[in-house]
Structures are given as structure tokens and as C-alpha cells.
There are 2 protein chains.
Amino acid sequence: MTSLVDVARAAGVAVATASRVLSGSDHPVSAKTRAKVVAAAEKLDYSPSALARAMVSPNSRLMGVLVSDIVNPYFSVIARGVDDVATRAGYVTMLSNVDRSTATEISRLQAMRDYRAAGVIFAGSGYVDDPHRPGLLKAVRQAREQGILAVSLADRDLGCPTITVDHHAAAHDITDHLVALGHRRITFIEGPSGMTVTRQRREGFLARMRDAGLGGGARCVPGGFDYEAGHTATLRLIARRPLPDAVLAANDEVAVGALGALRQAGIDVPGEISVAGINDLRVAQHVGLTTVSLPLYEMGSLAARHIIESAPGAATDGAATTTLSHRLVPRETTARRPPER
Amino acid sequence: MTSLVDVARAAGVAVATASRVLSGSDHPVSAKTRAKVVAAAEKLDYSPSALARAMVSPNSRLMGVLVSDIVNPYFSVIARGVDDVATRAGYVTMLSNVDRSTATEISRLQAMRDYRAAGVIFAGSGYVDDPHRPGLLKAVRQAREQGILAVSLADRDLGCPTITVDHHAAAHDITDHLVALGHRRITFIEGPSGMTVTRQRREGFLARMRDAGLGGGARCVPGGFDYEAGHTATLRLIARRPLPDAVLAANDEVAVGALGALRQAGIDVPGEISVAGINDLRVAQHVGLTTVSLPLYEMGSLAARHIIESAPGAATDGAATTTLSHRLVPRETTARRPPER
DNA sequence: TTGTACGCGTTATCAT
DNA sequence: ATGATAACGCGTACAA
């Protein structure tokens, strides 16, 4: 392990000088000396210890991101956004999966705090009536007091900046699309029970239905966030006909699961029934699913940018909320309601 | 920022004692003293600096993983395997996307080296005739000399342990399945050009076809690794009929893309044509795609385990290769070839 | 059982 | 323009 001392010795200069050259300081150093140092560093295969650097500087250049499950494309897109700007800024991204467990979230936050991360991004949604919430709040506050910027990507009231999307409005808008197509009886396949985002999307759906005077035609059934959930829920729907005019799924994967069940049963989409999702991930594009596009990548990159820009000791914006806009993406799984049924 | 000194002072003990208690050392400490230290640490909200720890200990407990693109499920599953065992062992995972660029791979390896990662896992495949290969080799060697364990998840001859799967055999076996079903003219939609894994899978396909005396019925067309590639390639196939008996895709996403194109064209799968993929990711399961299951999660977790176990100064196993087994998963997109066409 | 003191690799301050 | 040195927070050898 060759250190700055070794380089300095090999170059015949003081460590301070070597440091000035190798750390890109603006302190003046003669061209000749500079060359000697660079040559020595090269020859000795010097690798500056980011650890030692982080200890002495106020900024570790470590970017933390907490996701529920990186295998879930919703989160991998966010993580990609984070890592892209982190890398560009010379940071390294630390990733942890927390499996929707607030307790795990707290413990991984601690781990990242131990490494003095410049910031930690909470990508996941919170829970309604979460018993661990006070503990999380405390952990976030303590991290902040230590200079670690937290950013939430969902409405969680964590006492930190929030960069999110209006899930209620997203569900509202896609429901509106369905209603505008003439659908009256619409079934919403919900997300995992207890999650805040599940409730927000459900309420958005119900609000639009009520406003359209279609409250009676609105139905909500339990689901989840994966193919399986959409498939199962839809099978149940098919079993107890009549079918609704349309199905709105909690997210794209659920919608694709629903699509599969419907087609296997020989039910034409969108001929007999319309199907829509939320998120607009790659799979939605592929199957031509009508959905709402959420700026997931931007949420990740913006959060990272925020952390980098407020890096050392800038004024914390308290807990400002930035809401990014979503966009309706009509595709081939929704169509005007057939005049007769 | 409260440090060990603060805790020691608050507890009325020496820093060494506080360290012994808080770092879980096996050095004896009286129960009474221990309690005082723990209480002080608690009260002061002490967070041990993993940075300082890493500087003084031979192990940073930082686990590095380099993927092409975390949004690609192939890699997110691997990353999940890595993070799960890393977390269990008290490590934190550092993730970097390298976009299939060897140059980026080198630069991210350097970044992780600067943080003194205990090890770095190369999840991606290499390239045939890669001009950057010498540079990568050198970087890996230097990292190893510094005590950083590298592990490759593909045959790349990086001079480090390799934990992989036999892509040639995987393609061979799925081709065999197709042949056994009576298919004679089979088209292989290749992966991205230039990648080692692309070549391995193609050769595995061709080998089985030749051995079956079906070399004349084997055709390879350019593709990629995403839906789009499968869709486009299949559209071309459809345009210049006659259709082959079966299509083997470089991976599941390509196969699903092919499936979509075929069904849109009103071609029955597997009635008129069989379709198969490779990888067995979630989407394959969902659409009932016949494929080969690759132990991606295990590759990630094994690689991480290897790094953790050889952590401080254990004997490096040089460049041993561990090949994990794959498994044919017949599902509904392949069927016996219809007697007449 | 507890305490003292050094070193890990940097950067920054203060001379020179 | 360059050099000496004090931190940063921790673990540990050595002393008591």
C-alpha cells in the first residue's frame, strides 16, 4: 500500500507538496516539481485513500440510496438516476435493499451514517400507521444533525426535502382517461396493503370516480405490485362476472399480469375490457400498455444533485417538497367503451 | 460530530476502554464499565466512524459491484444477491453502472479502490478483441496487489476468481430441447455484437445444431438484449417467410419481444412456431416462456461470500473458476413440431 | 481490568 | 514555491 508519504519521498518533496499536486489543489506548485510528483505517483501506482480524505474533509463523496428491492424496476430506474449524477460528480453510490421494512431502513441508514455518507436517499414509500416511524424520524434527525442530507422520494414527512410525484393525481388522471373513454364500472387492483402510495393511488382513483358520479361503479380489490398479484386478482375478477368495463392496476407489472389473465381467458383487450397501469416502465412500453409516466429517473438524479449541491455546509432547505409532473400515456390497452354490452 | 473521545470522557473512562466496548472487542471489560460506556454512547448518539475504522483495520467492509446497467434485470438480480450477503456480514455495497464500457469499468474500479473496497465484483461480460483489455488487466492486478479481491462473473480471464455459468452449454441445452421437439429450422436472435457472452451463446446453439445434422437449418440474426431487439428481429423474420420452426433468443427479454411481434402478426405460439429464451427472469415466468434458468442470484451471493471469507489476508485462490449449473425450464412457448407444415 | 500513546493517510495551517 | 506539523477518529500494542 503506497501512500502519499511514499510518493513524496520518491519525488524528493514534502508530503504537503505531493498532496497539493495529487489532490488538484489550487495552491501554486512549480511545473518541474509537479512533474516529479506525478511521475512518482505513476510509478508507484499511487491510489489516494478516499477514506483518509473523507476523514479530514467535511465531505465523504459517498452517496447513499435506500430502495425496497433493486430487482423491482421502479427502484432500479431511480437508482440509475442517482448513480449517474453521483458518478459524474466524483461520488460513489452505496446501495441497500430494505425490503419495505422500516426497521431495516433504520439500520441501513445507520450503516451509511457510519460511513459518513454525504447524503441518503429514501426511495421507498412509507406505511400507514407505521409503528417504527418514530424511530425512523429520530434516526433521520440524528443523521441530519451530523451533516448527512436525507432526501425522500415519497411523501413521508421525514423532516427532510422531498422530491416526488403526485400519486393521487396520477391515479386520478389515468382514471379520468378511462372515464372519458366512456367506461362506467372500473375496478382498481390495489398495491400492497398498508403502503402510503397504495392509499394515495386508490384515493386518486376513487376521487375521480366520485366526481364523475360513478362512485357506484368503482370497485377496489386487493393486489400487490407484481405480475402474480395482477394475475391472481384478475382471475378472481373473471370468476365472478360480469366483468367491469375497465381495470386500473396499481402499477404496470400488475397491469401486465392482468393482461395475461384476461388474454388467457380469451377476453379481448381492449375490445371487451380496457386495462391501464401506472409508472410507465419498459415493460409497459413493450406491451403497449396505457399508463401514466412517472419521472422516476429524474427523481433519482434530482435527489442526488440536491445532495451534491448542498454538500458541505449550505443552508438546509428544511423540508421543502418538490413535486415533479407525470404524464398520461395512452396506448393500445384502452379503447372507447363499446356502445352495447 | 461526537467521537469516541467524547464518549470516553462522558463515561469517565479511557478511549481504549470505550473502543473495546463499542467495537465488540473480546478484550475483557467489567460489566459496570461496559454499561457506563454504552449509556454514554447512547446518550451522545455516537456513530462510530467506519471511515476511521477502515483506515486502521485491514478491512473496509465495503463491497463493490460493477454492473452494465442496474435497470437490466439480469444485473439487478445479481446485485441483490451481492447486497444480501454483504449486508448480513456487516458490509455496505457500493454499486456502479459501467454501460458495457471497459474504460468506465476501469475508472469505477479505481474509484472503489480509492475507498479501499474489500473486493470488487465484475458482473458484466467482456468483449471480443477489446482494445481496453490490457488496461483493465493492469488495473485488476494493481487492485489485487493492494489487497482488493476481484471476482468476475463471466469468463474474462481477468486473473481473478471467476464464478459463472456455462453460457455455451446453456444455449446448447435449450437448443437440444428445441431439436428434441422435432424442430429442424431454428433461428437464433443474437445478443449485442462483440460481447463474449453473445458469442458463447451463439456457438452453443450452432454446436448443437451441427451435431444434430441440422447445420443447414440453423440461422443467426443480429439482435441485442432488450424487447426492442427481439421485436425488430422478429418483424424481419416475419417479412421474409417462410418462418423457421422455432426461434431461440439471446435472452428472455428478446424472446418476449419476439413473442409480441409474432402474436401481433397473428402467428400462433407455440402452434405455428416455438420460442425460447435464456436467463429465466421474472418476466419469463410470467409469460410462460420456455428458457434456461441461470443462478444469477447465487452468482452474486457466492461472489460476495468469497470476498468476505477471504477478507483480510487469506490465501488468494489465484484465478480458480467455479461454474454453477443451469437448468432447462420448459414452459408453454415451445411445443412438438406439427407433423405437417 | 484499565490507561497511554502511536499510527493509519490525508488536508490545511502556518511558517519559511 | 515549499516544508513541517497538527488534526481527523479509530484500534491496538504495551504499560500499569
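Order of the sequence lines fixes the chain letters, A, B, ..., with proteins taken first and strands second; residue numbering starts at 1 for each chain.
For the side chain to side chain contact (heavy atoms under 4.5 Å, CB included) with B:Leu153, the lone residue among B:Leu296, B:Thr164, B:Leu302, B:Ile163 that qualifies is B:Ile163.
Protein chain A touches strand DNA chain D; the 5'-most and 3'-most nucleotides with an atom under 4.0 angstrom of its non-hydrogen atoms are D:dA1 to D:dG9.
Judged by distance alone, with hydrogens and angles left aside, the side-chain atoms of A:Arg156 form no donor-acceptor pair with the main-chain N or O of A:Thr162 at under 3.5 Å.
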Donor-acceptor pairs under 3.5 Å, side chain of residues 63-78 of chain A to any protein atom, not counting sequence neighbours: which ones?
from: A:Asp69; atom 1: OD1; to: A:Val71; atom 2: N; distance (Å): 3.0
from: A:Asp69; atom 1: OD1; to: B:Arg80; atom 2: NE; distance (Å): 3.0
from: A:Asn72; atom 1: OD1; to: A:Tyr74; atom 2: N; distance (Å): 2.9
from: A:Ser76; atom 1: OG; to: A:Pro73; atom 2: O; distance (Å): 3.3

Show every donor-acceptor pair shorter than 3.5 Å between a side-chain atom in residues 27-40 of chain B and any protein atom, with sequence neighbours excluded, or say none if there are none.
from: B:Ser30; atom 1: OG; to: B:Thr33; atom 2: N; distance (Å): 3.1
from: B:Ser30; atom 1: OG; to: B:Thr33; atom 2: OG1; distance (Å): 2.7

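With contacts defined as side-chain heavy-atom distances shorter than 4.5 Å, the pair B:Pro161/B:Thr322 does not qualify.
Between A:Arg141 and A:Glu145, at least one side-chain nitrogen of the basic residue sits less than 4.0 Å from a carboxylate oxygen of the acidic one, meeting the salt-bridge criterion. Residues A:Arg113 and B:Asp45 are paired through a salt bridge, judged by an N-O separation under 4.0 Å between the basic side chain and the carboxylate.
Applying the salt bridge (charged side-chain N to carboxylate O under 4.0 Å, His left out) rule to B:Asp6 yields the partners B:Arg9; only residues at least two apart in sequence or on another chain are considered.
B:Arg53 and B:Ser60 share no side-chain donor-acceptor pair at under 3.5 Å. A donor atom on one side chain and an acceptor atom on the other are not found under 3.5 Å apart for A:Arg20 and A:Ser25.
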### Query
Could you run down nucleotides 2-10 of chain C 5' to 3' and tag each one B, S or - for protein heavy-atom contact under 4.0 Å?
BBB--BBBB
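Within the helix from C:dT1-D:dA16 to C:dT16-D:dA1, the inter-axis angle between the opening and closing five-pair segments is 40°, rounded to 10°.
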